[in-house]
Amino acid sequence: MLPAYIPNPAAALFGGGTPIDLGRNFSDGRRIFGDGKTYRGLIIGILAGIITGIILIWLSSSFLQEGLPEHTFLSVTLLATGALLGDLVKSFFKRRYGKERGTKWPIADQYDLVAGAFLLLLIGDPAWLFGTVTLPIFLVILFITPILHRATNLVGYLLKVKEVPW
Ligand code: CTP
Ligand code: MG
């Protein structure tokens, strides 16, 4: 899951600048995505996830890692891209519900990346998804994701990279 987990903190660290919606509003008068979704964050975040995946592929071909699922360039690209597209789609609906940028939206804020990553895998490489993510692995992912999400955001807040600890 690292190729899906890395893009969000990478976007928080290196994002900023021109927002993806270019500051434009949706028909409801609210921002389409908001200032928290930028081109730089999207691109650097996805690249960081893919590079993480390439390192994982290299590690598993260099050292014997019994039992760890094998990544491919496609699987890590879909995980990284899906994670931030999920985050973007989440923000679209967050704005539609009238929630301002950076406010808390429990469940959605934590699982957007998992939903986006798995949805892209389902479309782009279903054989890899069903061959790798078994039910126990899926349950572990559901269990650790909100814990990791909370922990990284807390660290990001303490390091003053994030404005809020969620
Ligand atoms: N970020 C970015 N581009 C993205 C995603 C994130 O630049 N595509 C950066 C922004 O600086 C953002 C920070 O990472 O503020 C944290 O991301 P996130 O918590 O997803 O955004 P929020 O500011 O909380 O906005 P939202 O309410 O839309 O989730
Ligand atoms: Mg947020």
Side-chain angles (χ1 to χ4, degrees), residues 1-56 71 73-125 129 133 138 140-166:
M1 279 305 277
L2 273 179
Y5 286 149
I6 292 295
N8 272 292
L13 268 177
F14 304 111
T18 311
I20 295 169
D21 63 12
L22 303 173
R24 285 176 302 199
N25 289 341
F26 195 63
S27 55
D28 56 9
R30 295 180 185 277
R31 288 287 294 276
I32 301 175
F33 302 117
D35 284 331
K37 307 294 125 155
T38 68
Y39 284 107
R40 207 164 74 206
L42 187 71
I43 291 163
I44 295 182
I46 290 173
L47 284 179
I50 294 174
I51 290 167
T52 305
I54 291 171
I55 294 171
L56 290 178
H71 269 303
F73 185 70
L74 182 62
S75 74
V76 303
T77 303
L78 293 171
L79 278 170
T81 310
L84 281 190
L85 286 186
D87 176 60
L88 190 64
V89 171
K90 183 270 322 262
S91 288
F92 175 80
F93 287 107
K94 206 169 166 179
R95 298 299 92 81
R96 305 290 73 75
Y97 281 103
K99 293 178 184 293
E100 296 298 329
R101 174 215 175 163
T103 52
K104 230 188 237 178
W105 196 19
I107 314 290
D109 274 334
Q110 284 97 25
Y111 287 111
D112 54 2
L113 69 122
V114 177
F118 283 180
L119 201 63
L120 266 206
L121 274 173
L122 189 66
I123 298 166
D125 198 351
L129 180 64
V133 185
F138 184 64
V140 169
I141 290 168
L142 289 188
F143 182 72
I144 63 171
T145 297
I147 299 170
L148 287 174
H149 187 268
R150 181 73 190 169
T152 38
N153 285 342
L154 205 59
V155 170
Y157 175 71
L158 293 174
L159 294 176
K160 296 186 163 59
V161 172
K162 263 191 78 91
E163 287 162 27
V164 287
W166 52 78

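Both ligands and their constituent atoms are indexed starting at 1 by order of listing. No experiment lies behind these values; they were computed from the predicted model shown.
- Residues meeting the side-chain hydrogen bond (donor to acceptor under 3.5 Å, both in side chains) test with Thr145, sequence neighbours left out: Tyr5.
- The two residues Leu2 and Pro7 make their nearest non-hydrogen contact at O-CD, 4.3 Å.
- One finds a salt bridge joining Asp109 and Lys94 here, because a Lys/Arg side-chain nitrogen approaches an Asp/Glu carboxylate oxygen to under 4.0 Å.
- Protein neighbours of ligand 1 below 4.0 Å, counting non-hydrogen atoms: Ala11, Ala12, Gly15, Gly16, Gly36, Lys37, Thr38, Gly41, Leu42, Asp87, Lys90, Ser91, Lys94, Arg95, Glu100, Arg101, Gly102, Lys162.
- Among residues two or more places apart in sequence or in another chain, the salt bridge (Lys or Arg N to Asp or Glu O under 4.0 Å) test is passed with Lys162 by none.
- Every residue two or more places apart in sequence or in another chain that forms a side chain to side chain contact (heavy atoms under 4.5 Å, CB included) with Phe92 is listed here: Phe26, Ile32, Phe33, Arg96.
- Comment: Arg24 does not engage Asp21 in a salt bridge, judged by the lack of any side-chain N to carboxylate O separation of less than 4.0 angstrom.
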